[in-house]
Structures are given as C-alpha cells and as structure tokens.
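Heads up, the thing below is written out as structure tokens.
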Amino acid sequence: SGPRHLMSIADVSPAEFTSLVRNAAARKTAVKSTQPPLSLTTGLANKTVAMMFSKRSTRTRVSTEAAVTLMGGNPMFLGKDDIQLGVNESLYDTSVVISSMTSCMVARVGPHSDVANLAKHSSVPVINALSDDFHPLQTIADFLTIHEAFPASQSGTSSLGLEGLKVAWIGDSNNVLFDLAIGCVKMGVDISVASPNGYGIPQSMKDLINSAAQGVSSPGKLLETNVPEEAIKNADILVTDTWISMGQESEKKKRLEAFAGYQITNELAKRGGAKEGWKFMHCLPRHPEEVADEVFYSPRSLVFPEAENRLWAAVSALEGFVVNKGRL
Ligand code: CP
Ligand code: NVA
C-alpha cells in the first residue's frame with residue numbers, strides 16, 4: 001500500500017489526533033527550553049519537502065518552512081507561477097514527478113479533489129495545507145492552543161481531557177470550521193455553529209462531522225443555529241474566521257450583507273451568555289468585520305499563541321507522516 005497522507009482530521013483516530021497534539025506540545029517545550037532532541041533536528045536531514053501553494057499564505061508557508069528547517073531538511077516553495085501545475089501539466093504527471101524527487105508534498109489548493117488527486121498518485125506522504133474543505137494543520141494548532149488554555153480535566157491516551165468544553169463558531173461554515181468540528185467531536189468538545197441562512201454546513205459535511213463520533217465514548221455534539229446568541233450560550237471559546245474565504249472575493253458585497261450582526265463583540269458575548277472566562281480564537285488572516293478590536297486584541301484573545309502553534313503543529317505532522325511514515 002502507498003504512503004499515509006494527511007488530508008483531514010477525519011483521517012486520524014482520536015488517539016492519533018491526541019498524539020499529534022501532544023507531540024506538538026512536547027516539541028514546543030523541548031525546542032524552547034533545552035537542546036532539542038537529535039531525532040527532531042535531524043529527522044528530515046537530506047530530505048526535501050515540496051510546498052505547492054496555489055493560494056497566498058503567511059502562517060502555513062512560514063510555519064512549514066521553519067519546521068522543515070528545524071528538522072534539518074530543505075523546504076522547496078513552489079508558488080502557482082513557479083511550476084507547470086494547473087496551467088501546462090496535469091495533477092497526475094505533477095504528482096508522479098515531484099514525489100519521485102522529494103520526501104513529502106505539502107499542498108494548498110482550491111477544490112479538495114486537487115489535493116486528494118495529488119495524494120492518490122504520490123509515492124510520498126501528502127499533507128493538505130488548506131483546501132476548500134479542510135485545514136488539518138490549523139486544527140492541530142487549535143487543539144494545542146485549547147490544551148494550553150484549558151488545563152485537562154482528565155488524562156488519557158485517546159483524548160486531551162477537554163470533554164465538556166463548548167466551542168461557539170460564529171460566522172461562515174468553511175474549511176477551517178469543518179476540520180475543527182471533526183476535532184471537537186473526536187475530543188468530546190461540543191461545538192455550536194451560528195451561520196446565516198444559506199451559509200450553513202452542507203449536508204454531506206454534516207454527515208462526515210457526525211460520523212467522527214464513531215468509536216468515541218463521549219463524543220462532542222454538533223449544534224447548528226442562525227442565532228449567534230444561541231450558539232454562544234455557556235461557550236468557553238468563541239471562534240470565527242473571515243466571511244470571505246480565498247476564491248470568494250466576487251461575493252464580498254453579498255456576504256457582508258448576509259453576515260451583518262455576526263461580528264463578535266463583547267456585547268454579543270455578554271448578550272449570548274458566554275462563560276465568564278471565555279476565550280477568543282481565529283486562524284487568521286483576520287478582518288475587522290468578523291471580530292471587533294476590543295475582542296481580537298484583548299487578554300481573552302488566543303490568536304497570537306494560536307498562530308505560533310502552527311509551527312509546532314507542522315513539526316508534529318511532519319514527524320508523524322514523514323519521519324514516522326504515518327505511525328502516529
Ligand atoms: N491560518 C492560515 O492558514 O493562515 P495563512 O493563510 O496565512 O497560511
Ligand atoms: N477560510 C479561509 C482560511 C484561510 C487560512 C480561506 O479559505 O481563505
């Protein structure tokens with residue numbers, strides 16, 4: 001059988017997801033406090049990681065390049081104007097050729113089928129660096145951030161001890177939400193999603209998120225509403241993302257109108273009845289329409305640790321899927 005790929009958090013069991021997050025935490029501590037272990041700093045020695053990005057990126061690009069460098073390898077950034085992919089060459093040909101010369105492909109694409117097809121024909125692990133459907137590296141970083149902010153209520157090998165927490169997602173139902181919701185269900189964290197009519201979770205994605213509960217003793221529950229206050233009730237963490245994802249720029253006017261009233265503010269959190277110590281998360285890049293400065297730059301906000309945690313998530317995913325060949 002071929003290499004194991006990371007397309008979505010749906011691909012990993014609760015125990016494997018837990019281990020990806022715990023390893024990210026362990027690597028963060030090791031690199032910051034002492035000499036990093038040799039296995040980390042040489043794990044990718046003499047290896048090249050191809051980074052094929054058809055869209056812009058700050059965090060994913062910088063964290064992946066920095067992680068590969070930290071691990072002794074060579075990150076090779078291939079932007080959309082650098083290679084033949086999509087313009088002059090098929091996904092199949094590109095995947096066979098690039099995987100014959102490198103140890104991993106990290107790819108940011110539009111349609112999820114693009115990264116799935118790269119993986120299908122690749123002889124090396126492929127890591128999804130954001131598709132229209134999923135953002136697994138973000139979800140690993142987000143759970144590392146939650147793990148740091150909310151001391152575990154219990155410990156175990158198949159979960160992070162976060163059972164009983166509630167996340168409220170206020171805004172668009174998008175790629176970042178889908179993997180976050182799958183992670184929440186697997187970790188026993190409830191997630192309430194408030195989106196305007198017409199911007200809810202597609203049925204097939206809802207089925208996938210709910211199927212993440214299989215085999216989990218106390219899975220998190222997914223709830224949906226059009227009323228932000230309802231989602232916010234008793235939430236520990238309020239989360240949002242841009243209302244206009246990359247590729248949706250032409251819908252900007254329509255979307256700004258549809259999402260009016262969904263901006264996260266202190267007043268909305270209060271009206272909705274968020275828990276007293278509620279925290280705020282956002283994967284970034286952020287625009288002021290989805291969250292007010294008073295929240296985004298407040299002590300409640302975890303956004304900058306969350307962004308830094310992308311580095312440790314990338315280290316952990318590269319160790320798990322490339323160095324350890326998918327034995328997580
Ligand atoms: N959060 C995230 O993926 O950011 P970039 O688009 O800057 O990589
Ligand atoms: N939902 C956003 C996330 C960017 C990291 C997008 O797809 O553009």
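All ligand and atom numbering here is 1-based and tracks the order in the structure. Predicted model, so just to flag it, every value in this text is computed and none were measured.
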Q: Mind listing the closest non-hydrogen atom pair of His5 and Ala119 along with its distance?
A: NE2-O, 3.1 Å

(Q) When you measure from the side chain of Lys55 to the backbone of Ser131, do you find a donor-acceptor pair of N or O atoms at a distance under 3.5 Å? (A) no

Q. Under 3.5 Å, is there a donor-acceptor pair between the side chain of Asp179 and the main chain of Thr139?
A. no

Q: State, to 0.1 Å, how close Trp243 and Gln248 come at their nearest heavy-atom pair, and which atoms those are.
A: O-OE1, 4.0 Å

Q: For Glu229 and Lys270, indicate whether the former's side chain and the latter's backbone hold a donor-acceptor pair under 3.5 Å.
A: no

Q. Judged by atom type as modelled, is there a donor-acceptor pair below 3.5 Å linking the side chain of Asp132 to the main-chain atoms of His112?
A. no

Could you pull out every N or O of ligand 1 that sits under 3.5 Å from a protein N or O, with the distance for each pair?
{"unit_1": "ligand 1", "atom_1": "1 (N)", "unit_2": "Gln138", "atom_2": "OE1", "d": "3.0"}
{"unit_1": "ligand 1", "atom_1": "1 (N)", "unit_2": "Cys283", "atom_2": "O", "d": "2.9"}
{"unit_1": "ligand 1", "atom_1": "1 (N)", "unit_2": "Leu284", "atom_2": "O", "d": "2.9"}
{"unit_1": "ligand 1", "atom_1": "1 (N)", "unit_2": "Arg310", "atom_2": "NH1", "d": "3.4"}
{"unit_1": "ligand 1", "atom_1": "3 (O)", "unit_2": "Thr60", "atom_2": "OG1", "d": "3.0"}
{"unit_1": "ligand 1", "atom_1": "3 (O)", "unit_2": "Arg108", "atom_2": "NH2", "d": "3.1"}
{"unit_1": "ligand 1", "atom_1": "3 (O)", "unit_2": "His135", "atom_2": "NE2", "d": "2.8"}
{"unit_1": "ligand 1", "atom_1": "3 (O)", "unit_2": "Arg310", "atom_2": "NH1", "d": "3.0"}
{"unit_1": "ligand 1", "atom_1": "4 (O)", "unit_2": "Arg59", "atom_2": "NE", "d": "2.9"}
{"unit_1": "ligand 1", "atom_1": "4 (O)", "unit_2": "Leu284", "atom_2": "O", "d": "3.4"}
{"unit_1": "ligand 1", "atom_1": "6 (O)", "unit_2": "Arg108", "atom_2": "NH1", "d": "2.8"}
{"unit_1": "ligand 1", "atom_1": "6 (O)", "unit_2": "Arg108", "atom_2": "NH2", "d": "3.4"}
{"unit_1": "ligand 1", "atom_1": "7 (O)", "unit_2": "Thr58", "atom_2": "N", "d": "2.6"}
{"unit_1": "ligand 1", "atom_1": "7 (O)", "unit_2": "Arg59", "atom_2": "N", "d": "2.9"}
{"unit_1": "ligand 1", "atom_1": "7 (O)", "unit_2": "Arg59", "atom_2": "NE", "d": "3.3"}
{"unit_1": "ligand 1", "atom_1": "7 (O)", "unit_2": "Arg59", "atom_2": "NH2", "d": "3.0"}
{"unit_1": "ligand 1", "atom_1": "8 (O)", "unit_2": "Ser57", "atom_2": "OG", "d": "2.6"}
{"unit_1": "ligand 1", "atom_1": "8 (O)", "unit_2": "Arg59", "atom_2": "N", "d": "3.4"}
{"unit_1": "ligand 1", "atom_1": "8 (O)", "unit_2": "Thr60", "atom_2": "N", "d": "2.8"}
{"unit_1": "ligand 1", "atom_1": "8 (O)", "unit_2": "Thr60", "atom_2": "OG1", "d": "2.7"}
{"unit_1": "ligand 1", "atom_1": "8 (O)", "unit_2": "Arg108", "atom_2": "NH2", "d": "3.2"}

Q | Under 4.0 Å from ligand 2 - residues by heavy atom, chain and number | A | Leu130, Asn174, Asn175, Val176, Asp241, Ser245, Met246, Leu284

Q: Determine the interplanar angle of the Phe296 and Phe280 rings, folded into 0 to 90°, and report it as parallel if under 30°, tilted if 30 to 60°, perpendicular if over 60°.
A: perpendicular

Q) Do Thr42 side-chain atoms and Ala45 backbone N/O form a donor-acceptor pair below 3.5 Å? A) no

Q: Could you give me the CA-CA distance, side-chain angles and deciding distance for Ser173 and Ser195, then say whether side-chain hydrogen bond (donor to acceptor under 3.5 Å, both in side chains) is met?
A: CA-CA 7 Å; Ser173 300; Ser195 304; 3.0 Å; yes

